[in-house]
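This report refers to the structure that appears directly beneath it.
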Amino acid sequence: MDLQQRKGGKLPEIDIAGTMFYVEVRLRELRADYRLMSRINLDNLEFGPDGESYRFAFNTETKRLVDIDTTITEWPKDVVIVEIPGELKLDPYSVAREMGIDPEEFVKEHPIEKELKAKIIHLSETGFPALMEKNKKKLIQKQPRGLSQRNKGNRIR
């Protein structure tokens, strides 16, 4: 997309795990192009490690954000971790308008990205494998021990 298209009202798009989302910085959301019910609210996202991008768990089947239970022992089906750029890279034109800056001048310094694509974060690069192992160990410790190891209580002799 170029500046003229953006000025004409064309919204930037980002590919998130194979699904195209329109970027609506003004409304603080990403909206799937074919399912208006699939929206991602930017205000509900956590920042990535660089403090400028967002990271979140995304269900590739439902096309929605998911909250991952902290007691998980296995990775949820159809869920990936994705990272998307912050608003400045998603739509510098809208950011400039919101800040009251001339969008055309601002876009010269912060060009509009032609193709936006979310980065898929491998599970091994997150804290989830360690969390799952910890949770598995907790489950093993909670399982009943064999009869010989149980506290049999007071015995009558």
Side-chain angles (χ1 to χ4, degrees), residues 1-140:
M1 169 186 336
D2 63 25
L3 179 58
Q4 293 308 316
Q5 290 174 312
R6 185 65 191 98
K7 282 174 62 175
K10 184 171 177 7
L11 292 173
E13 296 178 7
I14 185 167
D15 177 340
I16 299 178
T19 301
M20 294 306 290
F21 281 80
Y22 289 111
V23 177
E24 280 270 11
V25 168
R26 182 179 57 83
L27 299 176
R28 310 271 315 130
E29 72 181 15
L30 307 176
R31 187 177 60 247
D33 60 355
Y34 66 94
R35 287 169 36 168
L36 293 178
M37 295 304 293
S38 187
R39 296 173 188 244
I40 297 173
N41 186 327
L42 296 174
D43 292 330
N44 294 340
L45 302 180
E46 293 183 21
F47 286 106
D50 64 5
E52 295 179 11
S53 61
Y54 295 107
R55 264 195 193 177
F56 54 92
F58 181 77
N59 186 305
T60 57
E61 196 64 32
T62 64
K63 315 298 185 208
R64 296 184 185 272
L65 279 171
V66 292
D67 288 325
I68 298 177
D69 184 358
T70 57
T71 62
I72 64 170
T73 56
E74 293 181 11
W75 192 244
K77 185 178 186 294
D78 302 320
V79 174
V80 296
I81 300 295
V82 297
E83 184 173 284
I84 62 170
E87 294 89 343
L88 185 60
K89 289 206 187 270
L90 287 173
D91 188 2
Y93 185 83
S94 285
V95 169
R97 290 181 64 185
E98 285 186 358
M99 293 172 47
I101 300 170
D102 178 17
E104 290 188 37
E105 288 300 314
F106 192 75
V107 168
K108 287 178 186 175
E109 303 249 345
H110 306 277
I112 295 173
E113 299 280 334
K114 298 223 183 295
E115 290 184 26
L116 291 166
K117 186 170 182 167
K119 177 182 175 187
I120 303 298
I121 308 295
H122 294 284
L123 181 59
S124 61
E125 297 175 31
T126 70
F128 286 110
L131 178 64
M132 288 187 283
E133 279 304 309
K134 182 178 171 185
N135 291 338
K136 285 177 188 177
K137 286 178 183 174
K138 282 183 185 176
L139 280 178
I140 291 170

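Side-chain atoms of D69 do not come within 3.5 Å of backbone N or O of I72 as any donor-acceptor pair. Checked by atom type and distance alone, the side chain of S38 pairs as donor or acceptor with a backbone atom of K63 at under 3.5 Å.
Between F21 and F58, the ring planes are perpendicular. Angles over 60° get that label, and only those under 30° would be called parallel.
The distance from the NZ atom of K138 to the OG1 atom of T73 is 12.0 Å, given to the nearest 0.5 Å. Distance check: K10 NZ to Y22 OH gives 7.0 Å after rounding to the nearest 0.5 Å. Taken to the nearest 0.5 Å, the CD atom of E13 stands 9.5 Å off from the CG atom of L116. Distance check: K114 NZ to D2 CG gives 6.5 Å after rounding to the nearest 0.5 Å. Note that NZ of K119 and CD1 of I81 are 12.5 Å apart. Values are rounded to the nearest 0.5 Å. How far CZ of F106 is from CG of L3: 12.5 Å, rounded to the nearest 0.5 Å.
Annotation for A96 and P103: closest pair CB-CA, 3.7 Å, computed over non-hydrogen atoms. Scanning all heavy atoms of the two residues, the minimum distance from W75 to V79 falls at NE1-O, 2.6 Å. Between R39 and E29 the shortest heavy-atom distance is NH1-OE2, 2.7 Å. Considering all non-hydrogen atoms of both residues, S94 and V25 come closest at CB-CB, 3.8 Å. Of all non-hydrogen atoms in P85 and K89, the two that sit nearest each other are CB-CB, 3.6 Å. Scanning all heavy atoms of the two residues, the minimum distance from E83 to I121 falls at CB-CD1, 4.0 Å.
When side chains are defined from C-beta on, L65 counts as touching L45, because their heavy atoms get closer than 4.5 Å. Looking at D15 and M20, their side chains come closer than 4.5 Å, going by heavy atoms from C-beta outward. Between I84 and L42, the closest side-chain pair of non-hydrogen atoms falls below 4.5 Å. Put simply, the side chain of E113 does not reach to within 4.5 Å of the side chain of P12, judged on heavy atoms.
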Exercise for review: Any chance you could lay out the salt bridge (charged side-chain N to carboxylate O under 4.0 Å, His left out) test for D91 and R6, step after step, and finish with the verdict?
Suggested key: CA-CA 9 Å; D91 188 2; R6 185 65 191 98; 2.8 Å; yes
Practice item. Under the side chain to side chain contact (heavy atoms under 4.5 Å, CB included) rule, what do I40 and I16 come out as? Steps first, then yes or no, please. Key: CA-CA 11 Å; I40 297 173; I16 299 178; 4.1 Å; yes
Point to revise | Working for side chain to side chain contact (heavy atoms under 4.5 Å, CB included), residues L11 and V23 | key: CA-CA 6 Å; L11 292 173; V23 177; 5.9 Å; no
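Residues that satisfy the salt bridge (Lys or Arg N to Asp or Glu O under 4.0 Å) test with K136, not counting sequence neighbours, are E133. Checked against side-chain hydrogen bond (donor to acceptor under 3.5 Å, both in side chains), D50 has the following partners two or more places apart in sequence or in another chain: S53.
Between K7 and E104, at least one side-chain N (NZ, or NE/NH1/NH2) sits under 4.0 Å from a carboxylate O, which counts as a salt bridge.
Annotation for E46: atom CD does not count as buried by contact number, only 12 or fewer foreign heavy atoms lying within 6.0 Å.
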